Amino acid sequence: MAAGRSVLRGGANLALGSAVSRLTGFARSATVVAALGTGLFADGYNVANTVPNILYILLVGGALNSVLVPQLVRAARRDADGGAGYTDRLLTAVGCVLLVLTVVGVLAAPAIVTAYADYDGAQRELTIALARMCLPQILFYGVFALVGEVLNARGRFGPMAWTPILNNIVVIAVFGSFLLVAHDVRDAAGITPAQTRLLGLGTTLGIVVQAAALVPYLRAAGVRWRPRFDWRGHGLGTPLRMAGWAVAMVGVSQLGYWLVTRLAVEVSDKAVESGLGHGVGYTAYANAQLLWIVPHGVVTVSIVTMLMPRISRAAADGHPAQVRELISRGLRLNALVIVPVSFLFLALGPQVTAVVFQHGVTTEADTRAMGLMLTAFAPGLIAYSAQYLIQRGLYAVQDARTPFWANAAMTAAGALFSLVAYWTLPAEWAVTGMAAGYSLAQLIGLVWLALVLRRRLRGLDTIRVARTHLGLAIVSAGAAGGSWLFARWCAHALGSGPPGAALALAGAAVLFAGLVVPVAYPRARRLRLPEGPAVPDPDPEATPRVIDPDAPTGRHRRM
């Protein structure tokens, strides 16, 4: 019973930390937009600050997030030292890779910026300078992810959720200072070297603080890391092979992101040339996507973080029924929040962005453009979050190839949709069309992954999962329709600025609570994350079966 209470406390701590982190992230994003706006000046900063994150995820991050926890859990159950030596070697190897990548990235900053944005003149020089200051974030992103996943594998979920708050506080202070000292700067030609250093080094300082705050928790978790370079012959081959597939998957995904970035930057240039008075390019797209991903980061990531060690243990012990039940429970629990929020974004995208971003130099037209992009993103949230959980189930059974091929198909579809939107829609609507194409592509990836995992586990509890999603969708659609009508009345009475938008969101919250909570709450009580050991197989006497990703399935297995 005490263990069960500990699990519940850990889950509550994780979810609360994620929620507070995302709320401070809202404040951070609002401060950045208030200081820089949504035009070309802001695009330059966002490209420079996003590049290190893209490179880290492309080259290392995808492998860490997807492969590390299952392999650490297996090592802890397999090795006589509880996986301590394996952890030391893995931390050392990945740390060396991160250091080399960081140095190469800083040296190659001009070429990297050119690959993502075809700027010239002062805009190019500013973006390169900011990129050089931001690219060291690769090392600290890696340290944060590496230490955090080691803690997660040991059941210490809270620190990784809470420490990003420190990063947000630092960046809020940096951009608040910029607003004070450079409130009249509107383009790259007007910014001074000192102000550039404030933006670039201040942003990187936030990541440094975030990573450094996590390190002391290693010792509290009983990890006494020491560098070990004897990598050969100690079981690192399997995670490296899986990491190769994960890196390839992220590489394909980032090709799609690169294409959208280039197209969105060109749309921004076209909008300026045509005299459009508000931002409809990359910064608007990035901020809409940032809001869209918040529920996933708070809810889905928290659920997966809690479930992943259990799923990994069940897969390592050869119990597919346990893996199936845990994934089914995670999908249904996740739907209780993600489905209603996706309908809320669909109905009230412009109101959400007005409340968060319409401050400082950001106009009502800017936030409306972002809001329509958020509306276009909304339908893909359910598929994106379900994909995330199903992917982790495949990694737990050591299948890294299926996520790669599903992601390749999804990225190709998203790229095609983005090109069609760019070629056929006017500048004001082109990036919104790209967001809609991204949402549609998520459904393709979800169907592919679900079909394969269903074969791997001999079922995926499809009926119960679909019933939960459909019931919530019907109720949420009614709440969304009422919220949209109420928002129109608020705009007529108070205008479409932050006051009217805030009242519309408050009314929507009441309406969703009244309609959705009576449906969701009873299911949430039944679907609490399991306490103690994972659920048993239907046949307790059955011999555990190793889940082999290369094993024949369906008709071939019966033969």
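Atom set for the values below is all heavy atoms of this structure, side chains included, hydrogens, waters and symmetry mates excluded. Keep in mind it's a predicted model, so treat the numbers as computed, not measured.
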Is a side-chain donor or acceptor of Thr24 paired with a backbone partner of Ser21 at a separation under 3.5 angstrom? yes
Residue from Val209, Leu214, Val147 passing side chain to side chain contact (heavy atoms under 4.5 Å, CB included) with Thr163: Leu214
Sub-6.0 Å ring centroid separation between Tyr45 and Phe175: yes
Sub-4.5 Å side-chain heavy-atom contact between Asn46 and Tyr282: yes
To the nearest 0.5 Å, atom CG of Leu263 lies from atom CH2 of Trp258 at 8.0 Å
For Gln442, does its backbone N or O pair with a side-chain atom of Gln387 as donor and acceptor, under 3.5 Å? yes
For a 4.5 angstrom cut-off between non-hydrogen side-chain atoms, does Val181 reach Leu198? yes
Report yes if some heavy atom in the side chain of Leu98 is under 4.5 Å from a heavy atom in the side chain of Phe140; otherwise report no. no
If every non-hydrogen atom of Pro498 is compared with every non-hydrogen atom of Ala354, which pair is closest and at what distance? CG-O, 3.9 Å
Test log, rule side chain to side chain contact (heavy atoms under 4.5 Å, CB included), inputs Leu205 and Val174: CA-CA 10 Å; Leu205 177 63; Val174 166; 5.8 Å; no
Can you tell me how far the CG atom of Leu381 sits from the CD1 atom of Ile293, to the nearest 0.5 Å? 7.0 Å
Thr432 side chain vs Leu372 backbone, donor-acceptor pair below 3.5 Å: no
Strictly under 6.0 Å, is that where the ring centroids of Trp292 and Tyr438 end up? yes
Less than 4.5 Å apart, any side-chain heavy atom of Asn287 and any of Met373? no
Distance alone, cut at 3.5 Å: any donor-acceptor contact between the side chains of Gln210 and Tyr141? no
Should we count OH of Tyr217 as having more than 12 external heavy atoms under 6.0 Å? no
Ignoring hydrogens and angles, tell me if any N or O in the side chain of Thr31 forms a donor-acceptor pair with the backbone of Ile172 under 3.5 Å. no
Is there a side-chain contact between Gln391 and Leu394, using heavy atoms and a 4.5 Å cut-off? no
Check: Gln195 side chain, Thr192 main-chain N or O, donor-acceptor pair, under 3.5 Å: yes
Straight-line distance of Ile138 CD1 to Thr204 OG1, nearest 0.5 Å: 10.5 Å
What distance do Leu201 atom CG and Leu130 atom CG have between them, rounded to the nearest 0.5 Å? 9.5 Å
Given side chain to side chain contact (heavy atoms under 4.5 Å, CB included), test Ile191 with Leu199 step by step and report yes or no. CA-CA 11 Å; Ile191 191 170; Leu199 294 182; 4.0 Å; yes
Go through it in stages, so that I can follow the logic: the residues are Ile444 and Leu440, the test is side chain to side chain contact (heavy atoms under 4.5 Å, CB included), and I'd like the CA-CA distance, side-chain angles, deciding distance and then a yes or no. CA-CA 7 Å; Ile444 296 172; Leu440 184 58; 5.6 Å; no
Under a 4.5 Å cut-off applied to non-hydrogen side-chain atoms, are Thr203 and Gln137 in contact? yes
For Val267 versus Ala427, what's the shortest heavy-atom pair and its separation? CG1-O, 3.5 Å
Looking at Leu135 and Ala109, what are the two nearest heavy atoms and their distance? CD1-CB, 3.8 Å
Leu139 versus Thr102, closest heavy-atom pair with distance: N-OG1, 3.2 Å
Report yes if the distance between the aromatic ring centroids of Tyr384 and Phe377 is under 6.0 Å, otherwise no. no
Taking all heavy atoms of Phe417 and all of Gly437, pick out the closest pair and write down the distance. CD1-O, 3.3 Å
Which heavy atom of Leu151 sits nearest to which heavy atom of Pro159, and what is that distance? CD1-CB, 4.2 Å
NE2 of His296 to CG of Leu389, rounded to nearest 0.5 Å, is 9.5 Å
Could you please spell out the steps behind the side chain to side chain contact (heavy atoms under 4.5 Å, CB included) verdict for Trp448 and Met410? CA-CA 9 Å; Trp448 190 320; Met410 182 175 62; over 6 Å; no
So do the side chains of Leu419 and Leu259 get within less than 4.5 Å of each other, counting heavy atoms only? yes
Are any side-chain N or O atoms of Thr367 and backbone N or O atoms of Thr353, one a donor and one an acceptor, separated by less than 3.5 Å? no
Paired with Asn334, the side chain to side chain contact (heavy atoms under 4.5 Å, CB included) test is passed by just one of Thr300, Ile382, Val301, Val304, namely Thr300
Output for pair (Cys134 SG, Asn49 CG), nearest 0.5 Å, gives 4.5 Å
Do Met370 and Leu291 touch side chain to side chain, with heavy atoms closer than 4.5 Å? no
